[in-house]
Amino acid sequence: MTTADTRTPAAHDTADAARALFADRFGAEPLGTWSAPGRVNLIGEHTDYNDGFVLPFAIQHRTHVALAPRTDGLFRVRVASTFDDTTAEAALGDLETLFPDRRDEVPEWARYPLGVAWALLAASGTDPASVTGADLAFASDVPVGAGLSSSAAIEGATAVALADTWGIDLDRVALAKVGRRAENEAVGAPTGIMDQMASLLGRADAAIFLDCRSLEAEVVDLGFAAAGLELLVIDTGVKHSHATGGYGERRAACERGAAALGVPALRDVTPDDLPRLAGLVDDVTFRRVRHVVTENQRVLDTVRTLREQGPTAIGDLLVASHASMRDDFEISVPELDTAVEAALSAGAVGARMTGGGFGGAAIALVSHDRVQAVTDAATAAFASAGFVAPTIFTVTPSAGAARD
């Protein structure tokens, strides 16, 4: 029986690009292609590594990987991509010595897939000598640097492809942990697990309400289409990197705040605890903690509001989230603030920056009939401020990682 292929034209093109690259770099045809999506975080920023709550959804933009087991008897993994000219490789048995201590010997982009191979073998207790080597070629239409987690898309695609190929039976939560370990230790970016969970667990027309402590995940219907809403991404073009200092400094501030209050993580702090904290830490640390604590509450409020009133009622929560990231966590930039202000002035239901900050994208929840007005307003505001024109597009809540 044949089934209809419901992938978007972009997905066709990107999967074809991965296969073409595979043939070009490795001189053979792949066994198949696998893919995983980027994600948009509707609300819940910098709460994940504080054991808190997040509400992301997978998007239609995906990273595809073409893969074939090696037949030359060499226990090596080779990786190539359309976004870098370098073909990198490592012996499977050497991965445990490369990561994390010698990761600088690996090209930065290749640390993601090779790091997943390392973490997957370790998590499953698989002897590297018991599996075949593999060649992998990547192509992606997830915008890089926009805060849409192109990194988790690479990790998710690699994880499902290698797990299938090597016969490793780990559930999606375990594969998300593999991706997080790769990002934390192989890449050196101190991120939480939200992005990997969204990429692996995504569902069409829904968000994933994730408890980052227990890793319990609930599907929350978004109802955007039924409410006549679109979610616009306004990509500022300002690139960011989680491996740079600003992210780590904020994580350290969160840990200081938790230690001052004698709790394991900021998940255990409520808004009522904030006055006590003010006398224990400096002003910067206090404001960092206040963002996380109030953002956790906003996630809970957003889930409740979606269930009780629908998506048209969450606008104020999105706006409050952006103000907290701008003023307390200080991870916004002028381009992001301009995008949010322009969207709201043109009638968006709500808007906020999304992702780790220091660049990337803003999101705006917009009625169908205001999409063009918001797009025009943001474009005009950027031009007036002398910024490079933003890239603006809609995203659709979509399914998670899978074999194509």
Side-chain angles (χ1 to χ4, degrees), residues 38-45 55-57 59-61 143 146-148 205-207 220-238 294-295 297-299 301-329 331-355 357 359-398:
R39 64 96 189 94
V40 159
N41 191 24
L42 186 62
I43 197 165
E45 227 62 78
L55 191 65
F57 61 86
I59 60 177
Q60 75 272 28
H61 300 82
L148 303 181
D205 303 318
V220 177
D221 291 333
L222 290 171
F224 289 166
L229 297 173
E230 300 271 7
L231 196 84
L232 278 181
V233 172
I234 305 170
D235 181 0
T236 66
V238 178
T294 58
E295 186 81 344
Q297 187 61 53
R298 283 187 288 271
V299 175
D301 292 345
T302 299
V303 171
R304 185 186 68 252
T305 301
L306 282 167
R307 288 171 169 164
E308 294 178 356
Q309 302 176 55
T312 57
I314 67 171
D316 288 347
L317 291 162
L318 302 181
V319 173
S321 174
H322 183 78
S324 182
M325 289 185 287
R326 180 192 65 214
D327 301 334
D328 277 354
F329 224 59
I331 54 173
S332 190
V333 295
E335 290 87 346
L336 287 168
D337 295 338
T338 297
V340 168
E341 291 160 9
L344 294 173
S345 70
V349 172
R352 63 185 285 271
M353 60 152 285
T354 188
I363 56 173
L365 192 59
V366 182
S367 63
H368 289 311
D369 61 358
R370 301 299 299 169
V371 168
Q372 192 60 53
V374 170
T375 300
D376 291 345
T379 301
F382 271 57
S384 178
F387 300 147
V388 174
T391 301
I392 303 174
F393 52 93
T394 60
V395 290
T396 304
S398 300

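Keep in mind the model is a prediction, meaning the values are calculated, not measured.
Scored by the side-chain contact (heavy atoms from CB on, under 4.5 Å) test, A381 finds T338, A342 as partners (sequence neighbours excluded). For S367, the side-chain hydrogen bond (donor to acceptor under 3.5 Å, both in side chains) partners are D369, not counting sequence neighbours. Among residues two or more places apart in sequence or in another chain, the side-chain hydrogen bond (donor to acceptor under 3.5 Å, both in side chains) test is passed with E341 by none. Not counting sequence neighbours, the partners of Q297 by the side-chain contact (heavy atoms from CB on, under 4.5 Å) test are L300, D301. For H61, the side-chain hydrogen bond (donor to acceptor under 3.5 Å, both in side chains) criterion is met by no residue, not counting sequence neighbours. Every residue two or more places apart in sequence or in another chain that forms a side-chain hydrogen bond (donor to acceptor under 3.5 Å, both in side chains) with S332 is listed here: D337. Residues that satisfy the side-chain contact (heavy atoms from CB on, under 4.5 Å) test with A226, not counting sequence neighbours, are absent from this structure. Residues passing the ring-ring contact (aromatic ring centres under 6.0 Å, His included) test with F387, sequence neighbours excluded: F382. By the side-chain contact (heavy atoms from CB on, under 4.5 Å) test, A313 is found to be paired with T305, Q309, residues two or more places apart in sequence or in another chain being considered.
Using a 4.5 Å cut-off on side-chain heavy atoms (C-beta onward), V340 and I234 make no contact. Side-chain contact between V233 and I392 is absent, with no heavy-atom pair separated by less than 4.5 Å. Contact annotation: the side chain of I314 approaches that of L365 to within less than 4.5 Å [non-hydrogen atoms, C-beta and beyond].
The two residues G359 and T236 have their closest heavy-atom pair at C-OG1, 4.3 Å. Closest heavy-atom contact between A362 and L336: N-CD2, 3.7 Å.
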Please test V395 against E230 for side chain to side chain contact (heavy atoms under 4.5 Å, CB included), starting from the C-alpha separation and ending with a verdict. CA-CA 8 Å; V395 290; E230 300 271 7; over 6 Å; no
From CA spacing to verdict: side chain to side chain contact (heavy atoms under 4.5 Å, CB included), D205, F224: CA-CA 8 Å; D205 303 318; F224 289 166; over 6 Å; no
Could you check R298 against T294 for side chain to side chain donor-acceptor pair (under 3.5 Å), going step by step and ending with a plain yes or no? CA-CA 6 Å; R298 283 187 288 271; T294 58; 3.2 Å; yes
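For residues 379-396, no residue pair satisfies the side-chain hydrogen bond (donor to acceptor under 3.5 Å, both in side chains) rule, not counting sequence neighbours. Residue pairs that meet the salt bridge (Lys or Arg N to Asp or Glu O under 4.0 Å) test with at least one member in residues 306-325, sequence neighbours left out, are E218-R307. Listed by first then second residue, pairs satisfying salt bridge (Lys or Arg N to Asp or Glu O under 4.0 Å) with a partner in residues 345-354 read E45-R352, E295-R352, not counting sequence neighbours.
A donor-acceptor contact shorter than 3.5 Å links the side chain of T375 to the backbone of V371. Of the possible donor and acceptor atoms, one in the side chain of D235 sits under 3.5 Å from a partner among the backbone N and O of G237.
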